[in-house]
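For reference, the structure is listed below as structure tokens.
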Amino acid sequence: MASATSSRSRATRLALLNAFTAGAGLGYLAHEYREVVVANPGIIGVTLLLVFAAGYLIRTAARALRRAGSRVETIFAEELGKKPSPRPR
């Protein structure tokens, strides 16, 4: 369990670093292309909506796959626990 916790905290730190990097990059681009951003707010809004929707779908798919994986692991654990040992006693 200790390694799972440390991998989760590491994943969280990496996700925060990625979010910061993406935010800094987008801030730089918005600063450099201020006129384009102001001239096309509709397209930018629709693009942001699509990006958030894609993120939500990816999150939902990851949760579903994680749940399915835990179910499969439970089934394997139950089935392997029922089999007799291959070694003679």
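Given the structure is predicted, the values throughout are model-derived calculations rather than measurements. Residue indices begin at 1 and follow the sequence shown.
The distance from atom OG1 of Thr21 to atom CG of Leu16, rounded to the nearest 0.5 Å, is 10.5 Å.
Taking Ile, Leu, Val, Met, Phe, Trp and Tyr as hydrophobic and joining them when side-chain heavy atoms fall under 4.5 Å apart, one finds Leu26 isolated, its cluster having no other members.
For the pair Phe76 and Val72, the minimum side-chain heavy-atom distance is below 4.5 Å.
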Solution key, residues 27-36 side-chain donor-acceptor pairs under 3.5 Å, sequence neighbours excluded:
| unit_1 | atom_1 | unit_2 | atom_2 | d |
| --- | --- | --- | --- | --- |
| His31 | ND1 | Arg34 | NH2 | 3.1 |

Review item, side-chain donor-acceptor pairs of residues 54-71, under 3.5 Å, at least two apart:
| unit_1 | atom_1 | unit_2 | atom_2 | d |
| --- | --- | --- | --- | --- |
| Thr60 | OG1 | Tyr56 | O | 2.9 |
| Ser70 | OG | Arg67 | O | 2.8 |

